[in-house]
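Notes to accompany the following structure.
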2 protein chains.
Amino acid sequence: MTTTPRRARAPRQSDVARLAGVSQSAVSRVIGGDTDAARIPEATVRRIQEAIKELGYVPNPTARKLRTGRNRLLGVHTFEAVFPRAREDFYLEFLLGIEERAEEIDHDLVLFTSTGGTDGRRRVYRDGVNRLNVADGAVLLGVAADRAELARLEADGYPFVHIGRREVPGTRITCVVPDYESAAAAIVDRLADLGHTRIGYLSAGIDEESYADRRRGYESAVARRGLHDVSPAGPPGPGGAPDPAWLDTVLGGTADRLTAVVADAEWLAHPFAEALAARGLAVPRDVSVAVLEGVAPDAAVRWDCLQIPRREVGRLAIDTLVGLLDEPGTPVADVLVECVVVEGETVTAPAGTQGRTE
Amino acid sequence: MTTTPRRARAPRQSDVARLAGVSQSAVSRVIGGDTDAARIPEATVRRIQEAIKELGYVPNPTARKLRTGRNRLLGVHTFEAVFPRAREDFYLEFLLGIEERAEEIDHDLVLFTSTGGTDGRRRVYRDGVNRLNVADGAVLLGVAADRAELARLEADGYPFVHIGRREVPGTRITCVVPDYESAAAAIVDRLADLGHTRIGYLSAGIDEESYADRRRGYESAVARRGLHDVSPAGPPGPGGAPDPAWLDTVLGGTADRLTAVVADAEWLAHPFAEALAARGLAVPRDVSVAVLEGVAPDAAVRWDCLQIPRREVGRLAIDTLVGLLDEPGTPVADVLVECVVVEGETVTAPAGTQGRTE
DNA sequence: CCTGTCCGCTCATACGTATGAGCACGAACG
DNA sequence: CGTTCGTGCTCATACGTATGAGCGGACAGG
């Protein structure tokens, strides 16, 4: 086995050109594959290709990027460090989809890590420098997304896609989001189909788009189906505990009692079920409960819940981003990904009704 | 809140220069911070800085890279997809260290994903293109590292560091590795200190550098301490089971019986202990056992083992790589990271000796 | 013989930045 | 008044590629 001597400098197109006895642009044309447009005959193409092989020429992606504006690099910016969080399913599933799809369409990922500010939170701009520029575009994710930075990014004309809906004052940005609104509506529809008429919404009390989406879906479906909404007025108590006064009201009479609730999260559904148990009531016998988020299948209670298509969201984020790159003028619009409603053991027909039993 | 209109084109230094009434090079000098060398007075510096702010100029990293060869991007190439494997502690810990250190020294990571070949394995070169070139250098990791590719990379003069020792025919590459050799020697020393004189080595029978390192450390320490090496001759049986004939030999007589073994891995130590139990012998009462790899602290048996400093290896890989970039002529050498010996419950003084008891 | 067309390329330039060399000007000095 | 020196910049170029425009020659048609 012979050792190739370490090269002083990487060969470039002009080196290839000299060896093949043509001009640099001819080499570029052969590499770019537009030999027809440039009318390079096959014999010359072969000669150039041999020179390429002989010198071991590889194109310089940086120069390409400078010239064409593309380098098949897609950025991933998280507002927290990626790898510690990669453990958690939340992030990981998105990243899986992102990596998978990027690989399929032959792009590399740039993981932006260096944007950590002194306050521990990450920012896109630091020292006025947008590091994202090395990539053709970026996928941003992370709950802590700074709206001002998103606005500036958009104003700067940088192509990016945000995972999770994020409303930014002054602009619209492209988001890829689980369709919580439809999912919440579907769950209400299911409850209505089963015969529930008085239902409530256990809100997380978090002022964030994804929760607003759920709420909107709930409310529109409740209105459409003509149900009675008997949700608690305020936010949950510590630990997600429901308001006792509210419980008294909606569980008091037997005739007009609440028979089902929809909860933003498992940590709300759980204390609610416990409060019921303390009053001698059971889920789902007395009250049905559905959760508007994904719940681990090995959880203690097999909640009726959603299955958030995180992986698919990641994949679609990549596709949407590349679409943005290919057609820069595209009007921004949210991309919705359907959530599957998972049937568990916490929703049934209300007592005294004959629900379908299978 | 006013919406900044979406810009047609990003401003460049020449735009700033025009606004400030200077030349592009003056702007570059101010940005580069070498205002002293270029003798730009403070007043002009301020004027330029204001122009920068007004236009919202941000440097173009691609152009910088083309000019200087650096863009503060470090590649991470794994020979398998990163994120699915990020779950496992093996990869994750390296990546944690890599990300952490990269962030500290203000570099971003490029995750190479698109290098998947049709055979499912990833390669650095595909279609003759070295994608790694977008980054200043790269950290490679993954058991499946292709030696031929490593050789070519080295021959091409691409700066990279490999995590885990990898011998490449024809060249030497820079590796960052846990110091298995010293760790194995330390463990043998500890056994010798406790009074063991006849010990054996349970080899995984895997022909790979890290195992060779362990073996070397073991053998040199055994020789240095004048111990009797009674290791089995062949590789382990299915499931890691020790050779019964060998067991008969080394456990037969009582006087010259083997009193300790060192195992490459837990999956070797475990069947060995079971084989002992089947003969009415116990660990560590009759035979001490040490494992030359990291063992989860919540494992059934608290083995005496190593703690592989994966995180530190990741961090050091980054530092080594950057060192390579700053001083291109540096001769390559392995970078060793010390392994901590973890005392468990499977090593003690041999029976009939008075070991230190605390 | 003149004109037009097609072939096989090349020329020139732009992308945005960094940097060694050097220029014009004013002040100080002899 | 001539020379030197320091100041405050600018000029020119290189990094490696892609691409619209164009040029010289061959050949065909009139």
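By convention in this document, chain letters (A, B, ...) are assigned in the order of the sequence lines, proteins followed by strands, and residues within each chain are numbered from 1. Computed from a predicted model, the values in this text were never measured in an experiment.
- Residues meeting the salt bridge (charged side-chain N to carboxylate O under 4.0 Å, His left out) test with B:Glu312, sequence neighbours left out: none.
- Going from atom CG of B:Asp34 over to atom P of C:dT19 covers 7 Å, rounded to whole Å.
- One interatomic measurement links the two molecules: CZ of B:Arg72 to P of C:dA18, which rounds to 13 Å at whole-angstrom precision.
- For A:Arg46, the side-chain hydrogen bond (donor to acceptor under 3.5 Å, both in side chains) partners are A:Glu42, not counting sequence neighbours.
- The salt bridge (charged side-chain N to carboxylate O under 4.0 Å, His left out) check on A:Glu327 picks up nothing, with sequence neighbours excluded.
- Pairs of residues two or more places apart, or lying in two chains, that qualify as salt bridge (charged side-chain N to carboxylate O under 4.0 Å, His left out) and include a residue from residues 10-27 of chain B are B:Arg9-B:Asp15, B:Asp15-B:Arg18.
- By the salt bridge (charged side-chain N to carboxylate O under 4.0 Å, His left out) test, B:Arg165 pairs with B:Glu167, B:Asp213, sequence neighbours left out.
- Taking the charged nitrogens against the carboxylate oxygens, A:Arg172 and A:Glu154 have no contact shorter than 4.0 Å, which rules out a salt bridge.
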Letter per nucleotide, 5' to 3', of nucleotides 5-16 of chain D [B base touched, S only sugar-phosphate touched, - untouched; heavy atoms, 4.0 Å]: --BBBBB--BBB
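- In the helix from C:dC1-D:dG30 to C:dG30-D:dC1, the terminal helix axes, each the rotation mapping four pairs' C1' atoms onto the next four within five end pairs, subtend 80°, rounded to 10°.
- Judged as a side-chain hydrogen bond (donor to acceptor under 3.5 Å, both in side chains), the pairs with a partner in residues 20-35 of chain A (not counting sequence neighbours) are, in order, A:Gln13-A:Gln24, A:Ser23-A:Ser25.
- Look at CG on A:Asn71: it is 13 Å from C1' on D:dT17, rounded to the nearest Å.
- Under the salt bridge (charged side-chain N to carboxylate O under 4.0 Å, His left out) criterion, A:Asp36 pairs with no residue, sequence neighbours left out.
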